[in-house]
Amino acid sequence: MAQIWKDDEVSLEPLKGRKVAVIGYGSQGRAWALNMRDSGIDVVVGLRPEGKSWKLAEQDGFKPKPIPEAAKEADVIIMLIPDMAQPEIYEKYIEPNLKEGDALVFAHGFNIHFGLIKPPKYVDVVMVAPKSPGPKVREAYEQGRGVPALVAVHQDATGKAWDLVLAIAKAIGCTRAGVIKTTFKEETETDLIGEQTVLVGGLMELLLKGFENLVELGYQPEVAYFEAINEAKLIMDLIWQYGFYGMLKRVSDTAKYGGLTVGPKVIDEHVKENMKKASERVLNGEFAKEWVEEYKKGMPTLNELMEKVKNHPAEKVGKELRKMMGLEE
Ligand SMILES: NC(=O)C1=CN([C@@H]2O[C@H](COP(=O)(O)OP(=O)(O)OC[C@H]3O[C@@H](n4cnc5c(N)ncnc54)[C@H](OP(=O)(O)O)[C@@H]3O)[C@@H](O)[C@H]2O)C=CC1
Ligand SMILES: CC(=O)[C@](C)(O)C(=O)O
C-alpha cells in the first residue's frame with residue numbers, strides 16, 4: 001500500500017524562516033510561486049530578464065530577480081524551467097550559488113534520474129511532482145482544493161529533507177488532495193510513459209483520429225468536433241468524479257452497450273504491445289538520449305510536429321466552436 005500524506009498530517013514549519021527561489025514562471029512556476037506566497041512563504045522569482053515571463057511575474061506582484069541572484073539569496077531553490085534547459089542553467093547559475101544545507105527542488109525527476117544534473121553532497125535534493133498541468137495546480141488552490149502529487153527525496157544532507165518536501169507539497173496545495181511517497185526513478189519513468197502512451201500522445205491521437213474518421217465519412221466538422229473531442233472532456237470529467245462505473249451509470253444504455261462491446265475492438269491488444277515498446281525506450285534510456293539530442297539541434301522535429309497539430313482541421317473548427325461557447329482563447 002502506498003504511503004500517502006494528507007494536509008492535516010503535514011506542517012509548513014520547515015519552510016518558516018527559509019527563502020524560496022522559484023526559478024521559472026511558466027506552467028508550474030507561476031502556480032507554485034502564487035500558491036506558496038498565498039501560503040505565507042517568502043518567495044523570490046528567478047528569471048532571465050530578457051524573457052516574456054518577467055513582466056507577468058511583476059504583474060502578479062513579484063519583484064523578479066536574475067536567476068543567479070535569486071539562487072544566491074535563497075536556501076530553497078525550485079527548478080521550474082523546461083527540463084532540457086535545466087542542466088545548463090543549473091551549471092551556470094544555480095550550482096555556484098548552493099550553500100551547505102540548501103535544498104534543490106524539482107517537479108520532475110528527469111535530470112536527476114538520467115544524471116544530467118549531479119548536485120553536491122551537502123544539499124538536500126527533493127521533488128514534488130504534481131500530477132496535473134500547472135494552471136490546474138493554481139486553479140485548485142484558489143478553489144480551496146489541491147491536485148495530487150508525488151513526493152521523493154533523492155539526497156537528505158540535512159536529515160530533514162522529508163519534512164521539507166512535505167511542507168513544499170502543502171504550500172502549493174497538493175496535500176489537500178494527497179501526496180504519495182515515490183522515488184525519482186518511479187516518478188520519471190511513470191511520467192514519461194504516462195504522458196507518451198496515455199495523457200498527451202495516446203489521448204490526442206485517439207481524439208484526432210476519431211475526428212478524422214467522422215469527417216472522412218462525410219459528416220460536418222462541427223458535429224465531429226462536438227462528438228469526438230469536446231464531449232471527451234465531459235466524459236473524462238465523469239470518470240474523474242465518479243470513476244468508470246459511475247460514468248457508465250450516467251451515459252445512455254445505448255452508449256454503455258456500444259462502448260463496452262466495440263471499444264476493446266478499436267483499442268485492441270496491439271495498443272498494449274505498442275505501449276510496452278514505448279515503455280521499453282523510456283526504461284533503457286533511448287527516449288532520454290533522443291530527446292536531449294533533439295533539444296541540442298533546436299527541436300526541429302518537435303517544432304514540425306507542433307505546426308502539424310496547429311494546422312489540423314480539428315484546430316480550425318475547434319477555435320470557432322470554443323469562441324462560440326465563450327471558452328477562453
Ligand atoms: N507543465 C506541466 O504541467 C508540468 C511540468 N512539470 C515539470 O515542471 C518543470 C517546469 O516545467 P514547465 O512549467 O512546463 O516549464 P515551462 O516551459 O512552462 O517553463 C517556462 C518558464 O521557464 C523559463 N525558461 C524557459 N527556457 C529558459 C532558459 N533557457 N533559461 C531560463 N529560463 C527559461 C521561461 O522564461 P522566459 O519567459 O524567459 O521564456 C518561463 O518562465 C519541468 O521539470 C517539468 O517537467 C511537472 C508536472 C507537470
Ligand atoms: C501535466 C503533466 O504532468 C505532464 C503531462 O506530464 C507534463 O506536462 O509533464
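Quick note: numbers below take in every heavy atom, side chains included, and nothing from hydrogens, waters or symmetry partners.
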*Do the charged groups of Asp7 and Lys170 touch, with an N to O distance under 4.0 Å?*
yes

*Work out which heavy atom in Pro87 is nearest to a heavy atom in Ile117; give both atom names and the distance.*
CA-CG1, 3.9 Å

_Ignoring hydrogens, what is the shortest heavy-atom contact between Gly109 and Met127? Give both atom names and the distance._
N-SD, 3.3 Å

_Side-chain donor or acceptor of Glu294 paired with backbone N/O of Leu302 under 3.5 Å_ = yes

*Measuring from Ser39:OG to Trp32:CH2, what's the distance to the nearest 0.5 Å?*
12.0 Å

_As an exercise, state the distance from NZ of Lys121 to CD of Glu100, rounded to the nearest 0.5 Å._
13.5 Å

*Examine Val126 and Ile41 and state if one hydrophobic cluster contains both, with Ile, Leu, Val, Met, Phe, Trp and Tyr joined whenever side-chain heavy atoms are less than 4.5 Å apart.*
yes

_Worked verdict on Met36 versus Leu15 for side chain to side chain contact (heavy atoms under 4.5 Å, CB included)_ = CA-CA 10 Å; Met36 293 189 103; Leu15 278 171; 4.1 Å; yes

*Run through the side-chain heavy atoms of Ile, Leu, Val, Met, Phe, Trp and Tyr, join any pair under 4.5 Å, and report what else lands in Ile4's cluster.*
Leu150, Ile180

*Does CZ belonging to Phe110 count more than 12 external heavy atoms closer than 6.0 Å?*
yes

*Could you give the distance from CG (Leu166) to OG1 (Thr175), rounded to the nearest 0.5 Å?*
8.5 Å

*asked:* Applying a strict under-4.5 Å side-chain criterion to I, L, V, M, F, W and Y, I'd like to know whether Met84 and Met79 cluster together.
replied: no

*Under the criterion side chain to side chain contact (heavy atoms under 4.5 Å, CB included), which of Ile172, Val147, Leu34 is the partner of Arg138?*
Leu34

_Phe114 CZ to Asp83 CG distance, which is reported to the nearest 0.5 Å_ = 10.5 Å

*Ion pair present between Glu139 and Lys136, side-chain N to carboxylate O less than 4.0 angstrom?*
yes

*Ring-face cation contact, Tyr141 with Arg176, 6.0 Å cut, 45° max*: yes

_Arg281 vs Glu290, test: side chain to side chain contact (heavy atoms under 4.5 Å, CB included). Steps then yes/no._
CA-CA 10 Å; Arg281 295 192 74 244; Glu290 177 192 305; 2.5 Å; yes

*Backbone of Lys52 reached by a side-chain donor or acceptor of Lys55 within 3.5 Å*: no

*Within the distance-only criterion (no hydrogens, no angle test), does the side chain of Asp75 pair as donor or acceptor with the backbone N or O of Gly101 below 3.5 angstrom?*
no

*Same cluster (ILVMFWY, side-chain, under 4.5 Å), Leu260 and Met236*: yes

_More than 12 heavy atoms of other groups within 6.0 Å of Lys72 NZ_ = no

*Kindly give the heavy-atom pair with the smallest separation between Ala70 and Ala21, and that separation in Å.*
O-CB, 3.6 Å

*Decide side chain to side chain contact (heavy atoms under 4.5 Å, CB included) for Val125 and Phe184; before the verdict, give the C-alpha distance in whole Å, the side-chain angles of both, and the deciding distance to 0.1 Å.*
CA-CA 10 Å; Val125 181; Phe184 274 66; 4.2 Å; yes

*Where Val128 and Ala149 come nearest, the two heavy atoms and their spacing*: CG1-CB, 4.0 Å

*In terms of hydrophobic clustering (I, L, V, M, F, W, Y; side-chain heavy atoms under 4.5 Å; direct or indirect links), are Leu116 and Leu104 co-clustered?*
no

*Euclidean distance, Leu12 CG relative to Arg18 CZ, rounded to 0.5 Å*: 13.5 Å

*Regarding Arg322 and Tyr225, is there a side-chain donor-to-acceptor distance under 3.5 Å anywhere?*
yes

_Looking at Lys209, is its backbone amide N or carbonyl O close enough to the side chain of Asn213 to form a donor-acceptor pair, meaning the two atoms are under 3.5 Å apart?_
no

*Considering only NZ, NE, NH1 and NH2 on the basic side and carboxylate oxygens on the acidic side, decide whether Glu320 and Lys316 come within less than 4.0 Å.*
no

*How close do Leu207 and Ala232 get, heavy atom to heavy atom, and via which atoms?*
CD2-CB, 3.7 Å

*Give a yes or no on whether the backbone of Pro120 and the side-chain of Gln155 come within a donor-acceptor separation of less than 3.5 Å.*
yes

*If we only count heavy atoms from C-beta on, is the Trp54 to Pro66 side-chain gap below 4.5 Å?*
yes

*Check whether any side-chain heavy atom of Ile23 sits under 4.5 Å from a side-chain heavy atom of Tyr93, and report yes or no.*
no

*Can you name the nearest heavy-atom pair linking Ala107 to Leu80, along with the distance?*
CB-CD2, 3.5 Å

*asked:* Can you tell me how far apart CD (Glu73) and CD (Glu69) are? Round to the nearest 0.5 Å.
replied: 7.5 Å

*Does NZ belonging to Lys99 count more than 12 external heavy atoms closer than 6.0 Å?*
yes

*Kindly indicate whether the side chain of Met325, heavy atoms from C-beta on, has any atom under 4.5 Å from the side chain of Phe226.*
yes

*Do any N or O atoms from the side chain of Asn303 and from the backbone of Gly298 form a donor-acceptor pair under 3.5 angstrom?*
yes

*Side chain proximity check, Ser132 to Pro148, heavy atoms < 4.5 angstrom*: no

_Derivation and outcome, side chain to side chain donor-acceptor pair (under 3.5 Å), residues Tyr90 and Asn111_ = CA-CA 10 Å; Tyr90 171 80; Asn111 284 302; over 6 Å; no

*Mark yes or no for whether Lys65, through its side chain, and Leu47, through its backbone, hold a donor-acceptor pair below 3.5 Å.*
no

_Checking Lys249 against Tyr242 for the side chain to side chain contact (heavy atoms under 4.5 Å, CB included) test, could you report, in this order, the C-alpha distance in whole Å, the side-chain angles of both residues, the deciding distance, and whether it holds?_
CA-CA 9 Å; Lys249 292 296 282 179; Tyr242 303 109; over 6 Å; no

*Does the distance from a Lys or Arg side-chain N to an Asp or Glu carboxylate O, for Lys160 and Asp163, drop under 4.0 Å?*
no

_Apart from Tyr219 itself, residues in the same hydrophobic cluster as defined by side-chain heavy atoms under 4.5 Å_ = Leu214, Leu217

*Verify side chain to side chain donor-acceptor pair (under 3.5 Å) between Thr182 and Glu187, making sure each step is shown before the conclusion.*
CA-CA 7 Å; Thr182 186; Glu187 186 281 334; over 6 Å; no

*In this structure, are over 12 heavy atoms from other groups packed under 6.0 Å from Met299 atom CE?*
yes

*Verify, without hydrogens or angle tests, whether Asp60 (side chain) and Phe62 (backbone) share a donor-acceptor contact under 3.5 angstrom.*
no

*For the residue pair Val179 and Val10, establish whether any side-chain heavy-atom pair is separated by less than 4.5 Å.*
no

*In terms of heavy-atom contacts, does CD of Glu142 have more than 12 from other residues, nucleotides or ligands at under 6.0 Å?*
yes

*Does atom NZ of Lys256 have more than 12 heavy-atom neighbours, drawn from other residues, nucleotides or ligands, at distances under 6.0 Å?*
yes

*asked:* Between Ile267 and Leu203, is there shared hydrophobic-cluster membership here, with clusters defined by ILVMFWY side-chain heavy atoms closer than 4.5 Å?
replied: no

*Do Lys181 and Trp162 meet the cation-pi criteria used here (NZ or CZ under 6.0 Å from the six-membered ring centre, within 45° of the axis)?*
yes

*Mark yes or no for whether Asn35, through its side chain, and Val137, through its backbone, hold a donor-acceptor pair below 3.5 Å.*
yes

_Do Ile94 and Pro119 make a side-chain contact, defined as non-hydrogen atoms from C-beta onward lying under 4.5 Å apart?_
no

_Between Lys308 and Glu304, is the salt bridge (charged side-chain N to carboxylate O under 4.0 Å, His left out) condition met? List the steps._
CA-CA 6 Å; Lys308 206 168 148 221; Glu304 185 193 332; over 6 Å; no

